[in-house]
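See structure below.
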2 protein chains.
Amino acid sequence: MAASGDGTVGKALEVLDQVASYGRPVRFSELQGASRFPKATLYRFVQTLTNQGMLAFDPDRGTYAPGMRLVRLAHASWQTASLAPIAAGHIDRLSADVGETVHLAQLDHAQVIYVDKRNAADPVRMYSQSGKVGPAYCTGVGKVMIAYLPEADLADALGQQSFHRFTDTTHTTVESLRAELTDIRANGYGFDREEHEPGIICIALPILTETNRALGAISVTSTTTRTNLAGLESLVQRIRTTAEAIAKDASSWHFPIPARSS
Amino acid sequence: MAASGDGTVGKALEVLDQVASYGRPVRFSELQGASRFPKATLYRFVQTLTNQGMLAFDPDRGTYAPGMRLVRLAHASWQTASLAPIAAGHIDRLSADVGETVHLAQLDHAQVIYVDKRNAADPVRMYSQSGKVGPAYCTGVGKVMIAYLPEADLADALGQQSFHRFTDTTHTTVESLRAELTDIRANGYGFDREEHEPGIICIALPILTETNRALGAISVTSTTTRTNLAGLESLVQRIRTTAEAIAKDASSWHFPIPARSS
DNA sequence: ATCACAAGTTCCATTAGTTGAAACTTAGTT
DNA sequence: AACTAAGTTTCAACTAATGGAACTTGTGAT
């Protein structure tokens with residue numbers, strides 16, 4: 001359990017998360033208002049994190065934002081602990097072949113993290129999507145990944161979903177989501193039926209180990225104006241080739257199998 | 001001075017940096033061998049960081065790697081504290097116009113952090129992506145950024161350079177580098193004359209505030225087989241337009257001016 | 001200018017968490 | 001089975017974190 005119970009370090013990282021959650025520079029007083037820590041304690045955490053380059057302080061505006069050291073560290077993570085370097089060549093080819101946007105995602109604490117992407121038309125943009133998080137219950141990649149979770153982890157993951165209704169096809173109950181997960185396991189692939197954004201559809205396949213654990217997932221995204229679910233479904237064989245190739249490379253590179261979450 | 005002197009949090013982050021520095025998953029014993037911390041202490045740090053998702057533990061191999069939480073946090077940093085979102089449109093256009101690879105970089109503790117890039121249609125095969133760090137003394141973007149540092153910060157930054165000789169044009173002394181920095185300030189732009197990689201050249205311009213502080217830098221990279229320094233120099237006006245447009249947008253977005261480092 | 005209030009910063013006695021040598025357990029080798 | 005190295009736990013000594021309160025600075029109103 002990743003509770004922020006471990007000591008001073010856990011508390012400091014909790015503050016770091018809080019700053020990151022605003023998505024914009026924040027004043028100390030804003031943090032204080034939303035924090036469980038008393039003023040002096042919070043102040044010291046923010047000081048320490050700033051000293052360490054984990055936060056950046058803007059003296060002119062008196063605001064804090066996540067610091068550049070994170071970008072440096074994340075690069076290391078992305079390089080050594082994500083599927084991106086292994087998958088790069090494969091998704092290049094997939095994207096070129098199908099002419100649509102391709103996403104590579106992994107699961108982290110019941111959340112989807114987009115790890116890489118290829119745009120069909122536009123040039124590649126690294127972190128514009130890399131590092132972005134999304135909900136597991138209403139994205140193609142999210143659903144295919146949780147579908148292959150062991151029951152204990154799945155229950156845990158489902159418990160953490162918010163089931164916010166983004167569109168009128170969004171799953172709003174555990175039951176309807178579980179039903180779809182069963183289908184996904186049967187088919188080996190899943191869709192996003194405009195569940196997150198109207199007009200945006202995708203097909204997603206898991207990247208599976210020999211023991212049927214999902215290391216990650218890839219998806220091909222399109223719009224309802226360009227194609228439909230049947231159109232995406234026709235790409236299954238091509239995408240499966242890529243997913244299997246990535247899985248094979250990952251196993252020979254001894255890519256770490258994600259540890260249990262709870 | 002970002003010495004890891006601040007308490008437990010500083011020490012834990014030092015361990016995190018150490019793990020990241022290997023660029024591959026590492027065993028506990030490897031860390032212990034290179035660490036100033038005693039076994040039990042190091043062990044607890046690694047445990048805490050793993051609990052927190054800052055490190056990922058692979059139970060099969062008994063190795064640690066930087067965790068996915070960093071990727072999530074870095075995305076927030078990239079979005080709110082880097083120039084990338086502001087510059088995105090501008091460097092899209094620049095890259096399309098000049099047909100070469102464009103880099104956007106910022107300075108962090110005397111190191112260059114590449115924050116975004118655009119590949120030319122025919123991409124130069126180079127190792128560089130967002131979050132990647134590079135030396136300041138032998139890259140175009142690094143030199144133009146430190147050229148505009150106040151003397152106190154510049155002295156500090158120069159003291160941190162390793163002056164490793166990558167090629168035979170690499171600067172190896174503070175003196176020769178300082179001489180070039182004077183030229184850069186006079187011209188408003190600088191080059192990478194195959195100082196980092198043979199065959200790779202670039203022209204770089206700083207992104208300056210009204211008070212002549214460098215918020216970041218952009219560069220256009222090419223190869224000696226495709227063009228030469230004069231060819232790159234002919235792009236100065238075009239690149240300057242982009243740099244100034246980014247600076248203008250940054251000031252109206254109230255982009256934070258980097259704080260003094262030491 | 002002067003005051004009032006909020007935001008930000010420092011102090012320091014108390015308390016809680018960190019420290020690390022040593023003992024222990026597990027995994028791998030001869 | 002005996003040995004060795006890697007990984008894990010323990011616990012008393014100790015050091016660093018805690019947070020209420022006092023203080024300073026910044027902002028805006030009169």
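Each chain gets a letter, A, B and so on, in the order its sequence line appears, and its residues count up from 1. Please read all numbers here as calculations on a predicted model, not as lab measurements.
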Identify whether the distance between the nearest side-chain nitrogen and carboxylate oxygen of B/K11 and B/D6 falls below 4.0 Å. no
Between A/Y137 and A/F163, is the ring centroid distance below 6.0 Å? yes
In degrees rounded to 10°, what angle is found between the helical axes fit to the five outermost pairs at each end of the helix from C/dA1-D/dT30 to C/dT30-D/dA1? 40°
Taking B/R24 first and then B/E30, would you say they form a salt bridge - that is, a charged N and a carboxylate O separated by under 4.0 Å? yes
Atom pair distance, as rounded to whole Å: CG in A/L42 and P in C/dA7: 14 Å
I want to know whether B/F45 and B/F37 have ring centres closer than 6.0 Å. yes
Reading nucleotides 15-30 of chain C from 5' to 3' and marking B where a protein heavy atom lies under 4.0 Å of the base, S where only the sugar-phosphate is that close, and - otherwise, the string is --SSBBB---------
Report, as yes or no, whether the 6.0 Å neighbourhood of atom CD on B/E210 holds more than 12 heavy atoms from other residues, nucleotides or ligands. no
Is there a donor-acceptor pair closer than 3.5 Å between any side-chain N or O of B/R240 and the backbone N or O of B/L205? no
Would you kindly give the CD-to-P distance between A/Q32 and C/dG8, to the nearest whole Å? 9 Å
CA sep, side-chain torsions, deciding dist, call: A/D116, A/H103, side chain to side chain donor-acceptor pair (under 3.5 Å): CA-CA 6 Å; A/D116 209 349; A/H103 284 274; over 6 Å; no
Decide, yes or no, whether a salt bridge links B/R72 with A/D108 under the criterion of side-chain N to carboxylate O below 4.0 Å. yes
dist A/T48:OG1 -> A/M54:CE (nearest 0.5 Å) comes out at 12.0 Å
Give a yes or no on whether a salt bridge exists between B/E14 and A/R69, defined as a side-chain N under 4.0 angstrom from a carboxylate O. no
5' to 3' on DNA chain D, which nucleotides open and close the contacts with chain B (atom under 4.0 Å from a heavy atom)? D/dG7 to D/dA17
